[in-house]
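For the numbers below, each heavy atom of this structure counts, side chains included, while hydrogens, waters and symmetry mates do not. Just so it is clear: chains get the letters A, B, ... in the order the sequence lines come, proteins before strands, and each one is counted from 1.
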Protein chains: 2
Amino acid sequence: MTLETTDNGKPPTIRDVAALAGVATSTVSRALSNPGRVSARTRERIETAASRLNYVPSSHARALSSGRTGAVALLVPDVTNPFYFDIIRGTQNQLKASGYTQLLVDTEESADVEREALRKLRSSSDGVIMVASRMSDEQLSAVAATHPLVTINRGVPGVPTVIIDTPASIGQALEHLASLGHHSVTYVAGPAGSWSNAKRMAAFDESSSQLGLRTVKIGPFSPKTTSGAVAADAALRSGSTACIVYNDLIAIGMLQRFAERGVRVPEDVSIVGCDDIFGADFCNPPLTTITAPTEQAGRVAITMLLGQLDPMHRNSNRRLAVLPTYLTVRGSTGPFGGSAQ
Amino acid sequence: MTLETTDNGKPPTIRDVAALAGVATSTVSRALSNPGRVSARTRERIETAASRLNYVPSSHARALSSGRTGAVALLVPDVTNPFYFDIIRGTQNQLKASGYTQLLVDTEESADVEREALRKLRSSSDGVIMVASRMSDEQLSAVAATHPLVTINRGVPGVPTVIIDTPASIGQALEHLASLGHHSVTYVAGPAGSWSNAKRMAAFDESSSQLGLRTVKIGPFSPKTTSGAVAADAALRSGSTACIVYNDLIAIGMLQRFAERGVRVPEDVSIVGCDDIFGADFCNPPLTTITAPTEQAGRVAITMLLGQLDPMHRNSNRRLAVLPTYLTVRGSTGPFGGSAQ
DNA sequence: CAATTTTTGGCAATCGCTTGCCACCGTGTT
DNA sequence: AACACGGTGGCAAGCGATTGCCAAAAATTG
């Protein structure tokens with residue numbers, strides 16, 4: 001039941017409200033966005049008028065004159081990668097709670113697309129969250145210098161970042177494998193340009209040498225289940241009895257391939273994934289993986305970004321958040337040969 | 001390498017470009033958005049100037065004066081439901097191809113949230129796609145009357161719609177079950193307010209009576225894997241040997257519960273899901289399901305919406321698209337007792 | 001009760017771009 | 001030679017808000 005009293009066909013503007021309330025537009029503007037600035041009586045009159053007209057301020061007009069857009073852009077490498085689902089959900093929720101709108105952009109795992117998107121969005125958003133950006137440190141720093149920016153899973157000196165500390169759990173995963181009796185472990189690498197892949201690989205190298213494990217590395221592979229087939233075949237050829245895989249998507253693809261080839265998991269080969277995405281708990285066998293607090297990452301990133309925007313929160317101005325992860329053991333890891341030890 | 005020649009600190013405006021090119025702002029505006037309107041020579045000069053300044057028109061200013069926002073809102077009941085992810089991907093891709101921006105909103109499966117979002121977005125988007133809307137027919141018609149709207153999986157008379165015709169394949173699924181020897185089939189219902197649930201249930205009723213199958217209905221259940229446990233227990237109590245489940249999320253949850261309880265699928269009970277979401281192919285056992293062309297649905301919806309917006313395309317003005325589905329048989333269906341027949 | 005301070009509300013400029021209307025220019029027509 | 005006309009480009013009026021500045025009104029003070 002929309003009663004647009006001033007029904008000239010177009011949606012009501014601030015002027016219509018002002019007229020109905022018998023005040024100037026400036027007063028309406030203040031009453032609505034800066035309550036303390038007008039007396040309670042006038043404010044009330046204005047609010048009544050506004051709701052009678054079902055008035056909604058034009059975000060564009062507001063953006064134009066105030067410079068604030070009320071929107072935050074989220075740049076994600078691939079919207080269909082389940083890993084990002086919960087990040088998107090996290091940012092979405094946190095933004096809505098603060099009255100912001102989310103602009104979602106799929107950057108197709110390309111630095112160029114990221115750059116192009118940034119160019120366009122710079123003027124139409126108050127800030128940007130970039131997830132697993134492929135851009136160079138210099139470029140990201142440059143962006144951060146002119147526009148509020150928070151990165152997720154991409155550390156850049158001087159740029160506020162939230163990091164899901166998957167590498168920290170890789171040691172734990174390797175210990176888990178070692179204690180099951182594995183001596184040789186393969187790292188199945190993700191995309192070449194990926195920062196998190198580099199970090200995971202480095203942690204793998206370090207921990208495995210500490211544990212005295214023999215290691216092999218294969219890849220890079222695209223982070224999709226379809227890469228699993230090649231990865232699985234390569235893993236088999238590597239001669240290791242266990243794999244740590246860049247992410248669950250590839251790991252699940254490998255599981256499928258192993259099933260096809262009659263390779264038993266975990267009797268013939270153990271698999272550890274990363275991220276604990278949707279599906280990791282119900283694939284066959286369920287995947288042992290490093291669980292990541294992805295939704296929290298989204299929320300924290302927004303909190304940090306809003307902190308940059310709103311001078312109120314300037315105090316709580318963290319520049320870095322490192323979120324802990326943990327190993328979730330399921331059915332895809334076990335002793336080689338299947339004998340409990 | 002950003003060379004903002006007119007570097008006063010702020011991003012360049014159309015005025016800067018005009019000055020550099022030695023023309024009026026109106027000419028710049030036309031050169032950029034209405035190429036035929038200026039001579040080739042001036043246009044070129046302007047384009048050079050614009051790119052030298054790295055000029056990007058302000059979408060807000062443009063929206064304010066022209067009324068066109070270049071944005072389309074996508075209202076989705078739950079951004080973390082994998083079913084919607086390919087829709088999001090589809091709209092995203094199609095929009096980007098047409099130079100539009102996507103505004104993603106999670107409506108939390110609530111008609112109220114939908115209404116509120118619409119109120120806000122009406123002025124900040126050129127059109128809206130609503131997926132599986134919970135609003136009433138009247139409300140949706142009212143929205144469509146004042147704002148370009150396309151619904152997905154929610155038929156409303158007079159409102160352009162794209163429907164994924166899952167009900168059409170339910171008959172096929174029932175035949176499949178009947179031919180495996182099942183005589184009693186349970187429908188595991190989705191949310192009460194859901195249009196697609198109603199349609200699927202109706203198709204289930206009709207086809208099952210045609211096939212002379214005994215039927216039971218249980219539910220409603222929330223479309224999440226976590227509902228699967230209750231649903232599985234209820235299904236067992238129903239005494240049927242097979243289930244058709246509102247969607248794959250619930251179906252996968254049921255699979256997990258059955259495994260916990262030691263109920264074998266498909267020997268003890270057969271399961272058919274709907275949608276063929278991410279995960280349906282690698283759960284245990286892989287799910288027989290009705291495959292839906294979700295990404296295509298997103299693309300088609302955008303095409304229809306853009307058709308409403310752009311007078312150019314007014315001719316290709318379809319009001320309804322029905323996308324066919326098909327049954328994908330995997331491991332979760334089989335003869336009762338496990339004996340091939 | 002006059003003087004001073006604090007509130008409250010209005011005026012008008014401004015944000016960056018679009019677009020209707022008009023003027024000018026160079027050709028083509030009669 | 002006078003006139004008409006299509007092609008170009010400029011002028012200026014918005015679009016719907018915000019906000020600095022100022023004046024009137026109200027509250028406080030001595």
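- In this structure, B/L53 atom CG and C/dC17 atom P are separated by 12 Å, rounded to whole Å.
- At a threshold of 4.0 angstrom between heavy atoms, the contacts of A/S58 are confined to the sugar-phosphate backbone, with no base atom among them.
- Rounded to an integer number of Å, the gap from B/R45 CZ to D/dT8 P is 14 Å.
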Stepwise side-chain contact (heavy atoms from CB on, under 4.5 Å) check, A/F83 with A/D78: CA-CA 9 Å; A/F83 173 68; A/D78 174 10; over 6 Å; no
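- Side-chain contact, A/S29 with A/S26: no donor N or O sits under 3.5 Å from an acceptor N or O.
- Nucleic acid contact class of B/T13 (heavy atoms, under 4.0 Å, all strands): sugar-phosphate only.
- Taking atom NZ on A/K10 and atom P on D/dA17, their separation rounds to 14 Å, with Å as the unit.
- Residue B/A61 is classed as a base contact, given a heavy-atom separation below 4.0 Å to a base.
- Of the side-chain N and O atoms in B/S29, one or more sit less than 4.0 angstrom from OP1 or OP2 of C/dT18.
- No side-chain donor-acceptor contact under 3.5 Å links B/T27 and B/R43.
- When distances are taken from the side chain of A/V23 to each of C/dT8, C/dC17, C/dG10, the shortest belongs to C/dG10.
- Salt bridge absent: A/E44 and A/R41 never bring a charged side-chain N and a carboxylate O closer than 4.0 Å.
- Within 4.0 Å of A/S59, counting heavy atoms only, lies no atom of the nucleic acid at all.
- The existence of a salt bridge linking B/D137 and B/R154 is confirmed by a sub-4.0 Å separation between a basic side-chain nitrogen and an acidic carboxylate oxygen.
- Whole-Å rounding puts the A/H60 NE2 to C/dG16 C1' distance at 14 Å.
- Side-chain N/O atoms of A/T25 include none lying less than 4.0 angstrom from OP1 or OP2 on C/dG10.
- Side chain B/R37 to base D/dG9: a donor-acceptor pair is found below 3.5 Å.
- Closest to the A/R30 side chain, of the nucleotides D/dG20, C/dT18, C/dC11, is D/dG20.
- In this model, the phosphate group of C/dT19 is approached by a side-chain N or O of B/R68 to a distance below 4.0 Å at OP1 or OP2.
- The CG-P distance, from A/N34 to C/dG9, rounds to 12 Å in whole Å.
- Looking at A/S26, its side chain comes within 3.5 Å of the base of C/dC11 through a donor and an acceptor atom.
- Look at A/S65 and you won't find any side-chain N or O under 4.0 angstrom from OP1 or OP2 of D/dG16.
- Atom CD1 in B/I46 sits about 11 Å away from atom C1' in D/dT8, given to the nearest Å.
- Using a distance-only test at 3.5 Å, with no hydrogens or angles considered, a donor-acceptor pair links the side chain of B/H147 to the main chain of B/S125.
- Put simply, CD1 on A/I14 is 11 Å from P on D/dT19, counting in whole angstrom units.
- Nucleic acid contact for A/R43: none, since no nucleic acid atom lies under 4.0 Å from a heavy atom of the residue.
- Heavy atoms of B/R41 sit nowhere under 4.0 angstrom from any nucleic acid atom.
- Where B/L64 and B/V38 meet DNA chain D, the nucleotide closest to each residue was compared, and B/V38 sits on the side nearer the 5' end.
- Between C/dT8 and A/T42, no contact under 4.0 Å exists linking OP1 or OP2 to a side-chain N or O.
- At whole-Å resolution of the value, CZ in A/R15 and P in D/dC15 are 6 Å apart.
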